Amino acid sequence: MSNASTDQVLEVVLPGVVEPEGLELRRRERPVPAAGQALVRVEATGVSFAEKQMRKAKYYDQPAFPFVPGYDLVGVVAEVGPGVAPALVGRRFAALTKIGGWATHVLVDAADLVPVPDGVDAAEAEALVVNGITAWRMLHGIAKVEAGQTVLVLGASGGVGSLLTQLATLAGARVIGTASARHHDAVRALGAVPVDYRDADVPARVRELAPGGVDAVFDHVGGPGLVDSYRLLAPRGTLVAYGTASTKDEPGSSRLPVLKLFLRLLWWNALPNGHSATFFNVWAGRRNAARFRAELARDLGSVFALLARGALNPRVAARVPLERVVDAVRLAESGTVSGKVVLVP
Ligand SMILES: NC(=O)c1ccc[n+]([C@@H]2O[C@H](COP(=O)([O-])OP(=O)(O)OC[C@H]3O[C@@H](n4cnc5c(N)ncnc54)[C@H](OP(=O)(O)O)[C@@H]3O)[C@@H](O)[C@H]2O)c1
């Protein structure tokens with residue numbers, strides 16, 4: 001533990017559009033949980049693609065600066081507020097927070113806590129929170145991938161992509177996965193056939209492997225390549241778009257690329273060709289809080305159950321102390337690692 005005293009917490013502040021070195025460490029009084037809240041002592045919190053975008057003010061609906069980043073976490077309940085079962089204290093949970101996770105202690109609504117099974121590693125469980133729910137829902141909820149199908153996973157070496165690859169393989173599907181050449185062995189080890197996304201003609205490479213097209217494409221890149229993803233679909237195939245990574249360094253509005261993508265998907269869905277095209281957003285439906293929480297607990301519970309029985313490899317690329325957040329962010333953004341960089345306060 002890095003606290004100066006047990007009455008203080010350490011957190012990372014993103015003050016504005018800065019290089020990773022501009023992230024600030026701040027100590028403050030340990031917060032007291034209000035009614036319905038739990039104070040979680042964080043054991044692991046992930047460095048996600050979302051924070052790369054937030055650091056550039058390019059995340060779709062990020063809060064105003066300054067704020068504490070941190071999309072998800074795993075930790076042990078240290079204290080509970082009025083109305084929360086005292087039995088939660090000492091138990092390990094996961095939470096999807098979007099922001100706020102990069103701290104030694106975090107206040108979370110107790111209703112948002114999802115139990116982590118006994119015996120699993122905190123960093124491994126952490127690597128499955130936002131990435132696991134995203135992969136699980138896109139694969140089973142949207143594309144409904146079945147044994148014998150062939151799917152294309154863009155970025156099969158990444159956090160979400162590596163889980164999509166493993167879950168699709170577990171479901172009996174054949175996976176073609178794009179990645180940089182340096183990660184092809186890792187992608188093969190997950191059960192996919194790798195294709196270099198820097199190849200001059202990626203669609204041709206995919207067609208060589210799947211001449212009749214693929215049953216589903218999972219695309220986080222967006223931009224002009226989305227058209228290739230759509231054209232690679234087999235009859236009745238499903239395109240699941242879930243990001244616009246190709247536009248992250250473009251100046252201007254963070255919303256425009258997403259809105260353009262929505263329009264394109266709407267247009268494709270209006271075509272009478274049997275394909276479907278969907279944008280996945282992990283926060284969709286959160287206005288109905290009770291249902292959102294129940295579905296989150298169900299889906300993350302399914303992913304955690306696979307982890308507990310050893311069926312999933314969460315691929316933790318590195319465990320970095322919270323004080324070394326700059327190194328963690330630099331590493332995550334270096335493109336050299338495959339898997340999730342996890343901060344361990
Ligand atoms: N919509 C949602 O609710 C939701 C939820 C979670 C995540 N996401 C999105 O999911 C995306 C991935 O997140 P992550 O945490 O998995 O990121 P990550 O771990 O950084 O992985 C990124 C992956 O993209 C690959 N890649 C880079 N450039 C590419 C290109 N031009 N074509 C194809 N692949 C390329 C990388 O391959 P190499 O490492 O081999 O270079 C890597 O496999 C992000 O855009 C994020 O915003 C969306």
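All figures in this text were calculated on a predicted structure; none of them were measured in a lab. Atoms within a ligand are numbered from 1 in the order they appear, just like the ligands themselves.
- Counting heavy atoms under 4.0 Å from ligand 1, residue Gln53 touches it through the side chain alone.
- For a threshold of 3.5 Å applied to N or O pairs, the pair formed by Leu154 and ligand 1 contains no separation below that value.
- Salt-bridge formation is not detected for the pair Arg286/Glu295: no Lys NZ or Arg NE/NH1/NH2 atom is positioned less than 4.0 Å from an Asp or Glu carboxylate oxygen.
- Residue nearest to atom 9 (C) of ligand 1, selected from Phe280, Phe49, Tyr242: Tyr242 (by heavy-atom distance).
- Nearest protein heavy-atom contact of atom 37 (O) of ligand 1 is Ser157 OG, 3.2 Å.
- The closest approach between Lys52 and ligand 1 falls below 4.0 Å for a heavy atom of the residue.
- Distances below 4.0 Å separate heavy atoms of Val282 from the following atoms of ligand 1: 2 (C), 3 (O).
- The aromatic rings of Tyr71 and Trp283 sit tilted, their planes meeting at an angle between 30° and 60°.
- Shortest contact from atom 22 (C) of ligand 1 to any protein heavy atom: His220 NE2, 4.0 Å.
- Within ligand 1, the atoms closer than 4.0 Å to a non-hydrogen atom of Ala179 are 40 (O), numbered from 1 in the order shown.
- Near Ser180, the atoms of ligand 1 lying under 4.0 angstrom from a non-hydrogen atom of the residue are 38 (P), 40 (O), 41 (O).
- In summary, Asp61 and Lys98 engage in a salt bridge, as defined by a charged side-chain N under 4.0 Å from a carboxylate O.
- Hydrophobic cluster of Val344: the remaining members, joined at side-chain heavy-atom separations below 4.5 Å, are Val316, Val342, listed by chain and number.
- At a 4.0 Å heavy-atom cut-off, ligand 1 touches Tyr197 through the side chain alone.
- Shown in contact with Val160 at under 4.0 Å from a heavy atom are these atoms of ligand 1, numbered in order with element: 7 (C), 16 (O).
- With hydrogens left out, the protein atom closest to atom 25 (C) of ligand 1 is Gly155 CA, 3.6 Å, a heavy atom.
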* **Intermediate values then yes/no, side chain to side chain contact (heavy atoms under 4.5 Å, CB included), Leu296 and Leu96** => CA-CA 9 Å; Leu296 189 77; Leu96 186 66; 3.9 Å; yes
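- Atoms of ligand 1 found under 4.0 Å from any heavy atom of Gly159, numbered from 1 in the order shown, are 16 (O), 18 (P), 19 (O), 21 (O).
- The side chain of Thr134, and not its backbone, has at least one atom closer than 4.0 Å to an atom of ligand 1 (non-hydrogen atoms only; side chain from C-beta on).
- Residues Ser276 and Asn269 approach most closely at CA-OD1, 3.5 Å, considering heavy atoms.
- For CG of Asp201, the number of neighbouring non-hydrogen atoms (other residues, nucleotides, ligands) closer than 6.0 Å is greater than 12.
- For the ring pair (Phe, Tyr, Trp, His ring centres under 6.0 Å) with Phe279, the qualifying choice from Tyr60, Phe262, Phe218 is Phe262, the only one to do so.
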* **CA sep, side-chain torsions, deciding dist, call: Leu300, Val129, side chain to side chain contact (heavy atoms under 4.5 Å, CB included)** => CA-CA 7 Å; Leu300 190 51; Val129 183; 4.1 Å; yes
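- The closest protein non-hydrogen atom to atom 21 (O) of ligand 1 is Gly158 CA, 3.3 Å.
- A heavy-atom separation below 4.0 Å is not found between Arg198 and ligand 1.
- Look at Asp185 and Arg188 and you find a salt bridge, because one of the NZ, NE, NH1 or NH2 atoms lies within 4.0 Å of a carboxylate O, short of that distance.
- Only the side chain of Thr178 comes within 4.0 Å of ligand 1, counting heavy atoms alone; its backbone N, CA, C and O stay farther away.
- Using cut-offs of 30° and 60° on the angle between ring planes, the pair Tyr242 and His220 is tilted.
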